[in-house]
Number of protein chains: 2
Amino acid sequence: MGRVEDLDRQIVRLLVRDGRMSYTDVGKATGLSTSAAHQRVRRLEQRGIIRGYAAVVDSEALGLPLTAFISVKPIDPAAPDDAPERLAGLDEVEACHSVAGEESYILKVRVGAPGDLETLLAKIRAAANVSTRTTVVLSTPYEGRPPNL
Amino acid sequence: MGRVEDLDRQIVRLLVRDGRMSYTDVGKATGLSTSAAHQRVRRLEQRGIIRGYAAVVDSEALGLPLTAFISVKPIDPAAPDDAPERLAGLDEVEACHSVAGEESYILKVRVGAPGDLETLLAKIRAAANVSTRTTVVLSTPYEGRPPNL
DNA sequence: TCTGAAAGTCGCAAACA
DNA sequence: TGTTTGCGACTTTCAGA
């Protein structure tokens with residue numbers, strides 16, 4: 001994957017901030033014609049630099065007000081570690097990071113209520129044969145801030 | 001903020017998966033006319049359920065290959081706690097969650113290289129008068145998976 | 001890699017059920 | 001809340017430089 005030059009960075013920044021911006025406006029903001037802007041966006045998508053577009057949603061409003069981080073450690077360190085695949089089946093698991101340190105993975109999960117968290121923890125332990133350590137999120141001052149390009 | 005009914009859920013799910021889907025296609029997928037779909041989307045935006053739209057970007061390709069979680073604890077528990085605002089000025093900080101447990105906040109940060117992480121940690125400690133505990137992300141099997149609605 | 005033009009699609013507002 | 005209708009804007013492709 002090649003480097004990203006300035007003009008492309010600018011385009012990426014625009015689209016991260018407003019994923020529905022028109023190519024015409026991207027062009028105006030970058031001094032390109034509509035088609036040139038469009039072509040560059042398409043190339044960014046093909047190169048995998050822009051992975052896609054998503055609506056940013058308020059998960060509380062959708063009935064998932066409780067967020068938690070769950071650190072996960074295999075009970076049998078000798079067993080083959082396929083925890084990410086095993087946990088991918090659980091819809092509540094929004095992210096899975098392999099990490100350095102005491103534990104092997106950090107999961108980010110969203111559920112509707114404390115009881116759902118309890119159920120989810122049981123599922124996680126059973127699915128991946130792991131022990132867990134849970135940190136409940138009380139509030140989120142901010143999240144998903146665009147990177148400074 | 002009112003509850004979200006089934007049709008709206010469906011629309012949200014569609015737009016989370018493809019933030020650039022046309023209202024015509026949203027309509028086709030939900031059995032609504034283009035304008036009805038459009039109106040519902042607009043209402044979802046006004047209610048704050050859809051916060052906006054963003055391009056999903058490969059941060060590695062943008063020169064930020066190193067992700068870490070930093071747990072943060074105020075050194076002076078008696079001081080007024082404005083850490084989130086103080087840390088908001090640091091572009092590397094992508095998210096800030098207030099959490100229950102030993103530490104007060106969990107930050108998610110992205111930097112270009114280990115040396116940048118060192119610099120950032122110093123900035124964080126200085127800006128918010130906190131101690132830190134850092135967990136480096138080795139790889140991310142998945143992240144930002146859409147919630148199952 | 002850019003521009004400019006042509007054709008089709010879409011966004012958006014208005015009028016009405 | 002919903003549908004239909006219509007105009008202007010936008011997307012998309014292509015020829016040409």
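Residue numbers start from 1 in every chain, and the chains themselves are labelled A, B, ... in the order their sequence lines are given, proteins ahead of strands. Hydrogens, waters and symmetry mates are skipped; everything else that's a heavy atom, side chains included, is used.
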* B:Ile124 CD1 to B:Thr134 OG1 distance, which is reported to the nearest 0.5 Å ->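 Reported to 0.5 Å precision, the distance equals 7.5 Å.
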* Asked: What about A:Ser35: does its side chain form a donor-acceptor pair under 3.5 Å with the base of D:dT12?
  ->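 For A:Ser35, whose side chain was compared with the base of D:dT12, there is no donor-acceptor pair (under 3.5 Å).
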[X], nearest nucleotide to its side chain (from [options]):
X       : options              : answer
A:Thr34 : D:dT4, C:dC2, D:dT11 : D:dT11
A:Gln39 : C:dC2, D:dT12, D:dT1 : C:dC2
B:Leu7  : D:dG2, C:dT3, C:dC12 : D:dG2

Whole angstrom value for the distance that separates [atom2] of [N] from [atom1] of [X]:
X       : N      : atom1 : atom2 : value
B:Tyr53 : C:dG11 : OH    : P     : 11 Å
B:Arg20 : D:dT11 : CZ    : C1'   : 9 Å
A:Lys28 : D:dT11 : NZ    : C1'   : 14 Å
A:His38 : C:dT3  : NE2   : C1'   : 15 Å
B:Asp25 : D:dT11 : CG    : C1'   : 13 Å
B:Leu32 : D:dT4  : CG    : C1'   : 14 Å
B:Gln46 : D:dT1  : CD    : P     : 12 Å

* Start with the C-alpha distance between A:Leu64 and A:Asp116, add both sets of side-chain angles, then the distance that settles side-chain contact (heavy atoms from CB on, under 4.5 Å), and finish with yes or no. => CA-CA 10 Å; A:Leu64 300 171; A:Asp116 299 336; over 6 Å; no
* Can you list the steps and then say if A:Arg125 with A:Ser131 is a side-chain hydrogen bond (donor to acceptor under 3.5 Å, both in side chains)? -> CA-CA 6 Å; A:Arg125 288 193 276 255; A:Ser131 63; over 6 Å; no
* To do: Please determine if A:Arg20 forms a cation-pi arrangement with B:Tyr23, meaning its NZ or CZ atom is less than 6.0 Å from the six-membered ring centre and no more than 45° off the ring axis.
  =>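 Judged by the rule, A:Arg20 and B:Tyr23 form a cation-pi pair.
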* To do: Give a yes/no on whether any side-chain N or O of A:Arg42 is located under 4.0 angstrom from OP1 or OP2 of D:dT12.
  =>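 False: A:Arg42 side-chain N/O out of range (4.0 Å or more) of D:dT12 OP1/OP2.
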* Select base, sugar-phosphate, or nothing to describe what A:Ser22 touches, counting heavy atoms under 4.0 Å on all strands. =>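 Since only primed, P, OP1 and OP2 atoms lie under 4.0 Å of A:Ser22, the category is sugar-phosphate.
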